[in-house]
Novice: 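One structure follows; several queries about it will come next.
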Amino acid sequence: MLRSVILAASRSSQVERLVATAPYTRDVVRRFVAGAATDDALRATRGLVDDGLAVTLDHLGEDTVTPEQATATRDEYLRLLKMLAGAGLTPAAEVSVKLSALGQMFDEQLAYDNARAICAAADAAGTTVTLDMEDHTTTDSTLEVLSRLRKDFPSTGAVLQAYLRRTESDCRELAYAGSRVRLCKGAYKEPESVAYQSTRDVDKSYVRCMNILMSGDGYPMLATHDPRMIAIGEDRARWFDRGPERFEFQMLYGIRPQEQARLAGEGYTVRTYVPYGDEWYGYLMRRLAERPTNLVFFGRALISKK
Ligand SMILES: Cc1cc2nc3c(=O)[nH]c(=O)nc-3n(C[C@H](O)[C@H](O)[C@H](O)COP(=O)(O)OP(=O)(O)OC[C@H]3O[C@@H](n4cnc5c(N)ncnc54)[C@H](O)[C@@H]3O)c2cc1C
């Protein structure tokens, strides 16, 4: 219920104005977002890499409605990749890309062309790209773009969401050699016709999907903060004899940093997903929807007069 309210608020421009202009919003945003500028992203990446973590960088921006906006997003990724390579931060850092930010909503071919340019730049920089997954109406289109991109850039990463009923089958299709697949629970409000609704059903699906990926031939990327899923991931890594070069854990910037450090300290590959940019509102609201205690933290900061 609370999750639905927050996700509805994430689409309200009135609530966005209220939140954006509230005192101390900046401090809250800074916990989850590296900053507005490319330099901020680089600084955060340097810190994480120095701490033994890998990174994937996401330039925030979802409401792309014109080709010009899509091109600007593409150009930001090209600039970012050049700077990462120049700073010696590749291959430790890769990039995560939302096709909606590249024009998918109005021109799938344009989104593909933009994504292709980013994949080519990542390849030249010695790193990779992962295509984030958005709501279920985009899944087929995103997987289609992925399969086209993988013809020339086979290391392009996919994301599958365990809450979707179709995902076990998608995991089977994508568990082939060289296939990088991020498995997450899923962050959008989806109808029962396509998605499991209860936490228990989503968790059970996550484990089934993890079993398929970890026993398959691809490169699983287990994106979760859930202690139970992480423990099962560690167990499957032992069971299927997967060392740190054959799978990784992924978590979001600012969430469970001590657990990220613990796993890295134990020799696992751990990748932190680092968002940056001006358009932090939708991203922040999805994080709040996931965890009511984040809402308490946020609410306190919003009303704080300090
Ligand atoms: C690297 C990465 C990339 C992602 N990419 C996508 C994507 O492309 N598309 C998409 O739809 N979603 C994506 N997500 C979001 C994902 O789908 C989930 O919405 C999100 O990760 C929350 O699910 P969870 O597995 O972490 O655990 P949840 O089910 O939210 O929580 C389970 C348990 O984890 C622990 N936990 C969770 N959050 C916290 C916290 N803030 N602090 C302390 N403990 C916590 C608690 O013990 C909690 O009970 C991504 C997530 C990650 C980590």
Side-chain angles (χ1 to χ4, degrees), residues 2-3 6-7 10 28 31-34 48 53-60 62 93-101 104 129-139 142-143 145-146 156-164 166-167 170 180-190 194-207 209-210 220-233 247-263 268-275 282-298:
L2 186 57
R3 181 163 183 262
I6 299 171
L7 287 173
S10 76
V28 179
R31 173 176 158 180
F32 298 108
V33 176
L48 293 162
L53 298 162
V55 169
T56 185
L57 283 144
D58 167 34
H59 180 249
L60 296 169
E62 297 172 41
E94 63 137 41
V95 295
S96 283
V97 172
K98 282 188 176 51
L99 288 179
S100 66
Q104 184 183 35
V129 175
T130 296
L131 297 185
D132 281 350
M133 192 59 87
E134 301 178 69
D135 75 73
H136 80 278
T137 62
T138 65
T139 309
T142 300
L143 292 179
V145 169
L146 175 85
T156 308
V159 177
L160 296 176
Q161 299 152 315
Y163 65 12
L164 293 185
R166 60 177 284 168
T167 294
D170 288 334
R180 297 168 64 248
V181 180
R182 175 193 302 159
L183 178 65
C184 64
K185 291 190 187 178
Y188 298 82
K189 172 88 188 121
E190 299 288 17
V194 298
Y196 300 111
Q197 303 293 306
S198 74
T199 304
R200 186 178 151 79
D201 285 343
V202 175
D203 287 358
K204 278 162 61 182
S205 171
Y206 194 98
V207 175
C209 293
M210 177 160 44
M221 304 186 279
L222 304 179
T224 181
H225 313 98
D226 188 334
R228 286 173 60 224
M229 299 304 128
I230 293 169
I232 296 170
F247 90 105
E248 66 190 44
F249 288 110
Q250 296 191 343
M251 292 188 218
L252 302 176
Y253 183 71
I255 299 189
R256 304 202 70 201
Q258 288 175 359
E259 177 66 357
Q260 298 183 30
R262 179 192 74 81
L263 288 165
Y268 293 107
T269 301
V270 181
R271 190 176 299 277
T272 307
Y273 183 106
V274 179
Y283 176 85
L284 184 69
M285 294 305 267
R286 280 199 298 282
R287 301 294 75 83
L288 294 181
E290 277 155 17
R291 195 162 161 82
T293 47
N294 284 344
L295 191 63
V296 174
F297 172 82
F298 189 49

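We count ligands from 1, going down the list as the structure has it; atoms in each ligand are counted the same way. Positions are given from 1 along the sequence.
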Novice: At a 4.0 Å threshold, what atoms of ligand 1 neighbour a non-hydrogen atom of Thr224?
Specialist: 24 (P), 25 (O), 26 (O)
Novice: With backbone taken as N, CA, C and O and side chain as the heavy atoms from C-beta onward, which portion of Asp226 lies under 4.0 Å from ligand 1: side chain, backbone, both, or neither?
Specialist: both
Novice: Does the plane of the ring in Tyr283 sit parallel, tilted or perpendicular to the ring in Tyr273? Use 30° and 60° as the thresholds.
Specialist: parallel
Novice: Below a 4.0 angstrom heavy-atom separation, can you tell me which part of Val159, side chain or backbone, both or neither, approaches ligand 1?
Specialist: side chain
Novice: Minimum distance, heavy atoms only, to atom 17 (O) of ligand 1: which one of Gly254, Ser96, Gly186, Ala223 is it?
Specialist: Gly186
Novice: Is Arg271 touching ligand 1 with its side chain, its backbone, both, or neither, if touching means heavy atoms under 4.0 Å apart?
Specialist: neither
Novice: Can you name the nearest heavy-atom pair linking Met210 to Gly233, along with the distance?
Specialist: SD-CA, 3.6 Å
Novice: Please verify whether a non-hydrogen atom of Met229 lies at under 4.0 Å from ligand 1.
Specialist: no
Novice: Side chain or backbone of His225 under 4.0 Å from ligand 1, or both, or neither, by non-hydrogen atoms?
Specialist: both
Novice: With a 4.0 Å heavy-atom cut-off (strictly under), which part of Arg228 contacts ligand 1: side chain, backbone, both or neither?
Specialist: neither
Novice: Report the part of Tyr188 (side chain from C-beta onward, or backbone N, CA, C, O) that has a heavy atom under 4.0 Å from ligand 1; answer both or neither where that applies.
Specialist: side chain
Novice: If only side-chain N and O atoms count, and only distance matters, is there a donor-acceptor pair under 3.5 Å linking Thr272 with Gln260?
Specialist: yes
Novice: Looking at Glu248 and Arg180, is there a salt bridge between them, counting it only when a charged N and a carboxylate O are closer than 4.0 Å?
Specialist: no
Novice: Under a 3.5 Å threshold, yes or no: a donor from one side chain and an acceptor from the other, between Thr130 and Ser96?
Specialist: no
Novice: Any carboxylate oxygen within less than 4.0 angstrom of a Lys/Arg side-chain nitrogen, looking at Lys189 and Asp135?
Specialist: no
